[in-house]
Number of protein chains: 2
Amino acid sequence: MKQVAQRAGVSISTVSHVINNTRIVSADVRDRVQGVIDEMRYVPSAVARSLKNDKTNTIGVLVPNSSNPYFAELIRWIEETAFQLGYHIILCNAHGGPRRQSAYLRLLMEKRIDGLLLVASGADDDHGLLPHDEGVPIVQLERALPGLDADLILGGQEEGGYQATRHLIELGHRAIACVCGPADLPRTRERVGGFLRAMREAGIAVAPESVVHAEFTSAGGHAAFNMLLARKQPPSAVFVASDLMALGCLCAAGAAGVRVPGQVSVIGYDDIGGAGFASPPLTTIAPPKQDMARLAVEQLIERIKGAPAPLRSTALAGTLVVRAPTAPFH
Amino acid sequence: MKQVAQRAGVSISTVSHVINNTRIVSADVRDRVQGVIDEMRYVPSAVARSLKNDKTNTIGVLVPNSSNPYFAELIRWIEETAFQLGYHIILCNAHGGPRRQSAYLRLLMEKRIDGLLLVASGADDDHGLLPHDEGVPIVQLERALPGLDADLILGGQEEGGYQATRHLIELGHRAIACVCGPADLPRTRERVGGFLRAMREAGIAVAPESVVHAEFTSAGGHAAFNMLLARKQPPSAVFVASDLMALGCLCAAGAAGVRVPGQVSVIGYDDIGGAGFASPPLTTIAPPKQDMARLAVEQLIERIKGAPAPLRSTALAGTLVVRAPTAPFH
DNA sequence: CTGTTAGCGCATTCAC
DNA sequence: GTGAATGCGCTAACAG
């Protein structure tokens, strides 16, 4: 910048002002400076600017595992919104335990991120998160960490589980099982909660063994579905609390020669990209990923800009996407 | 930091030295300073440090679309390696055209990233990329941009296409079709190139209509497969140049009541997470994602650290993953 | 309309 | 062993 000033024969502050349009500069000086800038391929340093202004235009995004399609899609929307609003994303995968998580958090604080978007898994890992440096706004997605004062965006998971189950019930099913992730994950608990509520309301008793816990992966879903098939009384419909798991179920059904939805209906949750082209295409609950991401980023940036501060908690609703593999009970 | 120094009754430079272990400090002073740091929850500023040291420990990662499972998985490994080596990732989606791309590049330069990891789609968009600010090391993944002097990591796509096709041929198939993305994508061209080479070597003539171009998505694969089925002479096997598309094919097959691999064998490319639990599980070519990511990051960081500079181009080989849907020709 | 200057938080050279 | 002082590149008063 100093060099630009010299070569243009003006002061360093004038250069600054033509760059930022921050005060009136005569046309010829402005052109001359701009010319030198182009010629020298000068690019202002956001680092120095950040040091001076005490803001980095960067937000940290901490997710359990960015290669999970659901998070990958969420991240994509977060990135999109952030970019439009002039912010950059630093991507962090929390997966790998509390040590990893707090190491990351520490780094983010050192980098002086303006805000943090937190998608906590809800597993025990998360305790490494707190306490955070007061002063960095946080918005949480989907899961409220106990003790963390931060805005929260919810995706209506309990309601989603309820809707999915209602769909099955309305099709006439009564022998409905539920396949879900580990019991200690809030993500699981809420979705299953919706399932149980729907069943209760419909007056259908749920045997404890009708709720099968497995890993939150396709392999987990695959295994769980096989267990279900092995029962003397297999269910006629299954609510699977995650598309990844549901895909595993579909795969297990195919391998076992069980027709979906002929013999058993399956409904998933998340509406990941692969769901629409599964075989058969998966009926599922679609969380409002795009809206959640947009709202989260917008709200975070509002906070960054110093908006007042009543803690907000917003719940957005998901929608039921009906595709092939759910059918009326014969 | 100044405050820490005051409260500890030492000079600011001593504080710096205890933080960085950069010179001998008497035990009691060190403890006192550390105590104050903890008490005040002081976190050093990476921003100031970067300004001083002229490095940010940040690398930019520019991909076409991070929500595509293949890229999402690649990114996950990149992030993993970078973290272990003390670097952060700024995630950028190029998707959205040249304007978007150069805007991003500009931002990255302003942020003074230490290096750039480039996963170019190879579409025309890319021209916005050049020229980049000389001085920032770049490593390209999978695709060499013409005119860009940068290290390159290849995933053996031509060879992968060849392997996939060989697999089909060895199973006895001769009526083999190829479903692939837009003809102008290098990704497509190389994989199809391998297909054609294998066919040629096997002495099998390839009718022009046996290579079907469609969108690089599940929907594209779905449509293409339906076209293939509608022919008077449907193929007995199909090499699909992308798992996403292959999933679409499987879905179309299911909907049409065509048994896979009974009536037609299908082989994909990418080994995305969903492939193993498709119905039926998808045979595919697995690019060495983890190795590519690791090597790319390591090489980039070497460059950042100022390693000499003969431009390197490394090719890693993919592997064939045989699962259900390929079967001998009856 | 334009120039001078101080200081953001830190690493580092040079004295002591 | 420790402290004082300089400058990284930039913005924002404050003068002219």
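Note that the structure is predicted; figures quoted are calculated from it, not measured. In the text below, chain A, chain B and the rest are named by the order of the sequence lines, each starting its count at 1.
- In this structure, B:Met109 atom CE and D:dG9 atom C1' are separated by 16 Å, rounded to whole Å.
- Salt bridge annotation for B:Glu39-B:Arg7: present, with a cationic side-chain nitrogen under 4.0 angstrom from a carboxylate oxygen.
- If you find the closest nucleotide of DNA chain D to A:Ser16 and to B:Ile12, the one lying nearer the 5' end belongs to B:Ile12.
- Atom pair B:Arg23:CZ and C:dC14:P shows a separation of 14 Å (rounding to whole Å applied).
- Ion pair A:Arg312/A:Glu302 flagged as a salt bridge, since at least one NZ, NE, NH1 or NH2 atom sits closer than 4.0 Å to an Asp/Glu carboxylate oxygen.
- More than 12 non-hydrogen atoms from other residues, nucleotides or ligands lie less than 6.0 angstrom from CG of A:Leu311.
- Atom C1' of nucleotide C:dT13 and atom NE2 of B:His17 are separated by 10 Å, given to the nearest angstrom.
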**Request:** Kindly indicate, with the supporting measurements, whether the criterion side-chain hydrogen bond (donor to acceptor under 3.5 Å, both in side chains) is fulfilled by B:Ser13 and B:Ser16.
**Result:** CA-CA 5 Å; B:Ser13 75; B:Ser16 172; over 6 Å; no
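- Within 4.0 Å of A:Ser13, counting heavy atoms only, lies at least one base atom of the nucleic acid.
- Between the C1' atom of D:dA5 and the NZ atom of B:Lys2 lies a distance of 14 Å, rounded to the nearest Å.
- When distances are taken from the side chain of A:Ser26 to each of C:dC1, D:dC10, C:dC14, the shortest belongs to C:dC1.
- Not a single donor-acceptor contact under 3.5 angstrom links the side-chain atoms of A:Arg49 to the base of D:dT11.
- Residue-level contact check: A:Val29 touches the backbone only, with heavy atoms under 4.0 Å from sugar-phosphate atoms and none from bases.
- Taking for each of B:Gly9 and A:Ala48 the nucleotide of DNA chain D with the nearest heavy atom, the 5'-most of the two is the partner of B:Gly9.
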**Asked** Can you list the steps and then say if B:Lys111 with A:Ser50 is a side-chain hydrogen bond (donor to acceptor under 3.5 Å, both in side chains)?
**Response** CA-CA 9 Å; B:Lys111 291 267 194 214; A:Ser50 293; 5.5 Å; no
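- Judged by distance alone with a 3.5 Å cut-off, no donor-acceptor contact links the side chain of B:Thr14 to the base of D:dG3.
- Closest approach to the A:Ser45 side chain among D:dG9, C:dG3, D:dA4 is made by D:dG9 (side chain taken as heavy atoms from C-beta onward).
- Within residues 52-60 of chain A, the residues having any heavy atom under 4.0 Å from DNA chain C are, by residue number, A:Lys52.
- B:His88 and A:Tyr104 have their aromatic ring centers within a separation under 6.0 angstrom.
- Taking 4.0 Å as the cut-off between side-chain N and carboxylate O, B:Arg294 and B:Glu80 do not count as a salt-bridged pair.
- Within 4.0 Å (heavy atoms only), A:Val10 reaches sugar-phosphate atoms of the nucleic acid but no base atom.
- Note on A:Met1: a base of the nucleic acid sits closer than 4.0 angstrom, heavy atoms only.
- Out of D:dT11, C:dA11, C:dC8, the shortest distance to the side chain of A:Leu51 is found at C:dC8.
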